[in-house]
Amino acid sequence: MIELGYPLSLTGVQLDALREVGNIGAGNAATALSQMLNMRVEMSVPEVQMLPISRVAATVGGADTYVAGIYLQITGSAPGSILFLLPLADARRLVRALLKENLRDDSICFGELGCSALVELGNIMTGSFLNALGMFTSLKYIPTVPSLCLDMVGAILGSVLHSHGVDSDTVFFIKTDFRYQGDCGVGYLFFLPEAEALVEILNSLGVFK
């Protein structure tokens with residue numbers, strides 16, 4: 001097994017390469033989301049970094065923060081997992097915009113259609129990222145059907161790490177800001193590659209030191 005060292009520290013060149021993947025993915029996601037919502041959507045990637053898993057909850061607002069989480073596994077050339085988290089308030093606004101339905105501001109219940117909309121949103125975000133990553137690395141990424149969970153960040157992380165057997169110490173983190181018709185929101189995408197998969201990705205990007 002190739003040793004990456006821990007905590008993992010990427011060079012500026014490596015972060016620039018991963019940031020470009022995030023920017024292309026966000027651009028593709030904005031286009032798809034615009035078509036889904038039938039309105040102009042602008043999306044940007046203000047932050048890209050590698051994080052130890054122990055810092056994921058704090059990055060999203062703390063372990064007790066309620067979010068909508070979309071999780072899927074990836075097989076193929078560089079296996080791993082993706083967890084996309086949306087603060088509940090942002091998830092409600094997006095579902096309202098999509099379904100033209102009112103949701104109570106304190107509700108964590110989205111109904112069957114609302115949950116389907118959130119899964120589709122997660123599909124768009126993760127699919128756009130994987131397509132961009134595939135374009136840059138020429139590696140094959142095969143996602144599983146995503147699953148949705150509405151719960152606190154700590155509970156979702158615990159389920160992902162233990163129930164799904166994720167053993168990565170480090171995640172690739174992308175924070176995405178989006179704006180549409182006077183509203184805005186933020187999404188947190190965490191890519192948990194297996195250790196050797198991350199080496200494969202950095203090698204394919206031509207930035208593995």
Side-chain angles (χ1 to χ4, degrees), residues 4 6-10 14-15 17-26 28-29 43-76 78-88 90-91 118-119 121-134 137 141-178 185-202:
L4 288 174
Y6 185 78
L8 183 62
S9 176
L10 298 182
Q14 289 171 329
L15 281 175
L18 292 174
R19 188 174 291 112
E20 185 61 15
V21 171
N23 280 324
I24 297 294
N28 293 340
M43 200 168 288
S44 63
V45 175
E47 193 174 347
V48 173
Q49 58 180 304
M50 298 299 297
L51 285 177
I53 282 181
S54 59
R55 288 180 51 194
V56 168
T59 302
V60 183
D64 295 338
T65 302
Y66 275 90
V67 294
I70 296 97
Y71 173 78
L72 55 88
Q73 292 181 297
I74 302 162
T75 60
S81 308
I82 287 183
L83 179 62
F84 180 66
L85 299 178
L86 269 175
L88 275 192
D90 296 335
L118 287 174
V119 170
L121 177 66
N123 255 332
I124 287 173
M125 297 301 299
T126 57
S128 297
F129 167 72
L130 287 177
N131 287 338
L133 195 59
T137 63
Y141 305 90
I142 305 170
T144 61
V145 176
S147 57
L148 170 69
C149 186
L150 304 168
D151 207 333
M152 292 185 286
V153 173
I156 292 176
L157 276 176
S159 175
V160 167
L161 296 179
H162 298 297
S163 301
H164 297 277
V166 173
D167 57 2
S168 174
D169 291 326
T170 306
V171 300
F172 172 36
F173 166 65
I174 299 177
K175 180 181 177 183
T176 303
D177 287 345
F178 48 89
V186 59
Y188 304 92
L189 189 147
F190 299 92
F191 177 39
L192 301 87
E194 295 181 3
E196 295 189 5
L198 180 57
V199 173
E200 186 74 17
I201 290 168
L202 293 176

Self-check item: Check against side-chain contact (heavy atoms from CB on, under 4.5 Å), Val21 and Phe129
Solution: CA-CA 7 Å; Val21 171; Phe129 167 72; 3.9 Å; yes

Exercise. Please list, chain by chain and in numerical order, all residues satisfying side-chain hydrogen bond (donor to acceptor under 3.5 Å, both in side chains) with Thr59, sequence neighbours excluded.
Key: none

Quiz prompt | Arg55: partners by side-chain hydrogen bond (donor to acceptor under 3.5 Å, both in side chains), with sequence neighbours left out | solution = none

Quiz prompt | Heavy-atom closest pair, residues Val153 and Ala57 | solution = CG1-CA, 3.7 Å

Self-check item: Spacing of Leu18 atom CG and Asn23 atom CG [to the nearest 0.5 Å]
Solution: 11.5 Å

Self-check item: Inter-residue atom distance Met152.CE - Leu88.CG, 0.5 Å rounding
Solution: 11.5 Å

Practice problem: Looking only at non-hydrogen atoms, find the nearest pair between Ala91 and Ala68 and report the distance. | Solution: CB-CB, 4.2 Å

Quiz item: Which value, rounded to the nearest 0.5 Å, describes the distance between Ile74 atom CD1 and Ile82 atom CD1?
Solution: 3.5 Å

Exercise. Examine distances only and state if a side-chain atom of Ser159 and a backbone atom of Ala155 form a donor-acceptor pair shorter than 3.5 Å.
Key: no

Quiz item: Can Leu150 and Leu118 be said to form a side-chain contact (heavy atoms from CB on, under 4.5 Å), step by step?
Solution: CA-CA 10 Å; Leu150 304 168; Leu118 287 174; 4.2 Å; yes

Self-check item: Partners meeting ring-ring contact (aromatic ring centres under 6.0 Å, His included) with Phe190 (sequence neighbours left out)
Solution: Phe173

Quiz item: Do you know the tightest heavy-atom contact between Pro143 and Leu72?
Solution: CB-CD1, 4.0 Å

Quiz item: If you take all heavy atoms of Leu161 and Leu192, which pair is closest and at what distance?
Solution: CD2-CD2, 4.4 Å

Quiz item: Going from CZ on Phe172 to CG on Leu202, what distance comes out if it is rounded to the nearest 0.5 angstrom?
Solution: 9.5 Å

Self-check item: Asn28 side, atom CG; Met43 side, atom CE - distance, nearest 0.5 Å
Solution: 10.5 Å

Practice problem: Find out whether Leu121 and Ile70 are in side-chain contact, i.e. whether some heavy atom of one side chain is under 4.5 Å from a heavy atom of the other. | Solution: no

Quiz item: Of all residues at least two apart in sequence or in a different chain, which pass the ring-ring contact (aromatic ring centres under 6.0 Å, His included) check with Phe84?
Solution: none

Self-check item: Contacts of type side-chain hydrogen bond (donor to acceptor under 3.5 Å, both in side chains), residue Glu20, not counting sequence neighbours
Solution: none

Self-check item: Contacts of Ala197 that satisfy side-chain contact (heavy atoms from CB on, under 4.5 Å) - sequence neighbours left out
Solution: Ala78, Pro79, Pro193, Glu194

Practice problem: Determine the minimum heavy-atom distance between Thr176 and Met125, stating which atoms define it. | Solution: CG2-CE, 4.3 Å

Practice problem: Please identify each residue that fulfils side-chain hydrogen bond (donor to acceptor under 3.5 Å, both in side chains) with Asp90, with sequence neighbours left out. | Solution: Arg93

Exercise. Test Val171 against Phe191 for side-chain contact (heavy atoms from CB on, under 4.5 Å), laying out the working first.
Key: CA-CA 6 Å; Val171 300; Phe191 177 39; over 6 Å; no

Self-check item: Pairwise distance CG(Leu83) to OH(Tyr188) - rounded to 0.5 angstrom
Solution: 13.0 Å

Self-check item: Closest non-hydrogen atom pair between Pro146 and Val119, with its separation
Solution: CG-CG1, 3.8 Å

Self-check item: Counterpart residues, side-chain contact (heavy atoms from CB on, under 4.5 Å), relative to Asp177 (two or more places apart)
Solution: Ser44, Pro46, Lys175, Val186

Quiz item: Going by heavy atoms in the side chains, are Ile201 and Tyr141 under 4.5 Å from each other?
Solution: yes

